[in-house]
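Some notes on the structure that comes next.
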There are 2 protein chains.
Amino acid sequence: MTVDLETGTRGRTRKAILDAAVRVLAADPGASLGQISDAADVGRTTLHRYFPDRAELVAAVMQEAGRRLGDAASRARLDEGPGLDALLRACQALLQLGDLLTLMFTGVVSIETCGAEHGFAQALDDACTRGLADGTLDPRLTPSWLQGVLWSSLYLGWSELRDGTTPPHEVVSQLLLTVRKALAAPAA
Amino acid sequence: MTVDLETGTRGRTRKAILDAAVRVLAADPGASLGQISDAADVGRTTLHRYFPDRAELVAAVMQEAGRRLGDAASRARLDEGPGLDALLRACQALLQLGDLLTLMFTGVVSIETCGAEHGFAQALDDACTRGLADGTLDPRLTPSWLQGVLWSSLYLGWSELRDGTTPPHEVVSQLLLTVRKALAAPAA
DNA sequence: CCTCTATGGAACATCAGTGTTCCACTGGGT
DNA sequence: ACCCAGTGGAACACTGATGTTCCATAGAGG
């Protein structure tokens, strides 16, 4: 019988470590493994049992990030409807990623690497070109800039959400409002 | 005769180290002092002669950041004209800060600390409230969010500028266009 | 009761970054 | 020629993070 990494005791501690890693590394990319194991309520020895290397831990975080990125993408149904609306749905879905956004933004995990394997990057690209074609996105903006606005706005939204001074629903509405205004094609 | 830290040989190497620190720390906040001294074409010993501590080096970087932030603010004349136009002038001025934007955004230097001493934070706040009062800024957005959009867009613009795939004038135009669209009050 | 699995802790060697000291070199100014 | 401020490099001790090994313990299940 092979060991299942997703269920049972093993799976639970593995997940605890992974979650703690995301949380701690988002707050401080240079955090020590000891800080991570503490946050996971686990001995440093145990952490090394699951992830022999710091590199392997980071790799696992990236893989997890890719998985959740893919989930968010499919939940957002990026291939449906007008391009602008797809991007706004992406905003809402990606905001759920929480600290992972910080990790992707600070470069602890690379958006390209972990977004590519699950076809996320491609889906986002497609939504942008579709939006430029169907006239819902501002033709004066380049695809690269469009996506940049999406990510940086997302990071801003998560920052506001995290420090908790603004109620979540207001963050969402300000985020969607801002992105829609910024990216929408001007009225004909 | 007291030593002048701004001119002569001393001033020049001091500036070289400071510039290198900004450049290197922007690329990697956890960079070693050796990397910084290498980038400054200076021995590690010399670096320690000017900044005994890593902390003192960072403090000096923050002070320099504050100074240049203040310069940019006064150049942008934040207290003149409609609020929205003031913010757009701030965008253009702040974009000149280059790698300092990365440092402020990644938290290596704190915007609050080094922006406060030169009255920059206050000037920006004032421009926002003025813009909300004179009807040029979108009243549905909070002052905190307005400033957040400014900073994150600025960071996006600098990122595009830095990797050099987009010509500078295009970055500036996309930046100003995006920020204006995002923050402007809707047409009555 | 015994066993097996998962764990935490102690101890250890290793390594990189830091901060310090000391010495030798250079170039400009007298 | 001399002096001297400025510099770079070598060497050192110290610290904190890392990765490893070994052992003791707790708990679920036979």
Side-chain angles (χ1 to χ4, degrees), chain A residues 1-64 102-103 106-109, chain B residues 1-64 102-103 106-109:
Chain A
M1 168 190 171
T2 57
V3 186
D4 191 343
L5 267 60
E6 304 297 328
T7 59
T9 306
R10 299 283 294 264
R12 247 177 295 120
T13 57
R14 188 187 140 94
K15 178 163 166 33
I17 295 174
L18 234 35
D19 286 351
V22 170
R23 212 176 332 129
V24 173
L25 290 179
D28 173 15
S32 73
L33 298 182
Q35 292 174 257
I36 297 178
S37 64
D38 283 353
D41 264 319
V42 143
R44 194 165 62 89
T45 312
T46 302
L47 188 152
H48 275 107
R49 246 189 289 271
Y50 283 78
F51 308 97
D53 243 53
R54 184 192 185 94
E56 293 204 31
L57 175 58
V58 175
V61 169
M62 284 190 61
Q63 192 171 340
E64 173 70 8
T102 309
L103 292 187
T106 56
V108 175
V109 310
Chain B
M1 167 191 173
T2 57
V3 187
D4 190 344
L5 267 62
E6 303 297 328
T7 58
T9 307
R10 298 285 294 264
R12 247 178 296 120
T13 58
R14 189 187 139 93
K15 178 162 164 36
I17 294 175
L18 235 34
D19 287 351
V22 170
R23 211 174 334 127
V24 173
L25 290 180
D28 173 16
S32 74
L33 299 182
Q35 292 175 257
I36 297 177
S37 64
D38 284 354
D41 265 318
V42 144
R44 193 166 62 89
T45 311
T46 301
L47 188 152
H48 275 109
R49 245 189 290 272
Y50 283 78
F51 308 97
D53 245 45
R54 185 192 184 94
E56 293 204 33
L57 175 58
V58 174
V61 169
M62 283 189 59
Q63 193 170 339
E64 173 71 8
T102 308
L103 292 188
T106 55
V108 176
V109 309

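In this text, all values refer to a predicted model and were calculated from it rather than measured experimentally. Chain letters run A, B, ... following the sequence lines, proteins first and then strands; every chain starts at 1.
Residues A:Leu57 and A:Leu33 meet the side-chain proximity criterion, which asks for heavy atoms closer than 4.5 Å.
The shortest non-hydrogen separation linking A:Ile36 to A:Ala20 is O-CB, 3.7 Å. The minimum heavy-atom distance linking B:Leu18 with B:Ala60 is given by the pair CD1-CB, 3.9 Å. Across all non-hydrogen atoms, the minimal contact from B:Ala40 to B:Ile17 is CB-CA, 3.9 Å. The minimum heavy-atom distance between B:Ala26 and B:Thr102, with the atom names listed, is O-CG2, 3.6 Å.
When each of D:dT18, C:dG8, D:dG6 is scored by its nearest atom to the side-chain atoms of B:Thr9, the top-ranked nucleotide is D:dG6.
The cationic atom of A:Arg14 (NZ for Lys, CZ for Arg) does not lie both less than 6.0 Å from the six-membered ring centre of A:Phe51 and within 45° of the ring axis.
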* Structure fact -> In 5'-to-3' order, the base (B), backbone-only (S) or no-contact (-) status of each nucleotide in nucleotides 20-30 of chain D, using a 4.0 angstrom heavy-atom cut-off, is BB---------

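Rounded to an integer number of Å, the gap from CG of A:Leu47 to P of D:dT18 is 10 Å. Spacing between atom CG of A:Leu57 and atom P of D:dT18 amounts to 10 Å, rounded to whole angstrom units. Computed from coordinates, the A:Tyr50 OH to C:dT7 C1' distance equals 9 Å when rounded to whole Å. With rounding to whole Å, A:Arg14 atom CZ is found 14 Å from C:dA6 atom P.
The side chain of B:Thr46 places no N or O atom within less than 4.0 Å of a non-bridging phosphate oxygen (OP1 or OP2) of D:dG6.
Heavy-atom distances under 4.0 Å link DNA chain C to A:Asp41 of residues 19-41 of chain A, given in residue order.
Applying the 6.0 Å contact sphere to CD of A:Glu64 captures more than 12 heavy atoms from other residues, nucleotides or ligands.
Qualifying side chain to side chain donor-acceptor pair (under 3.5 Å) partners for A:Asp19, counting only residues two or more places apart in sequence or in other chains: A:Lys15.
Among the atoms of the strands shown, none is found under 4.0 Å from any heavy atom of A:Phe51.
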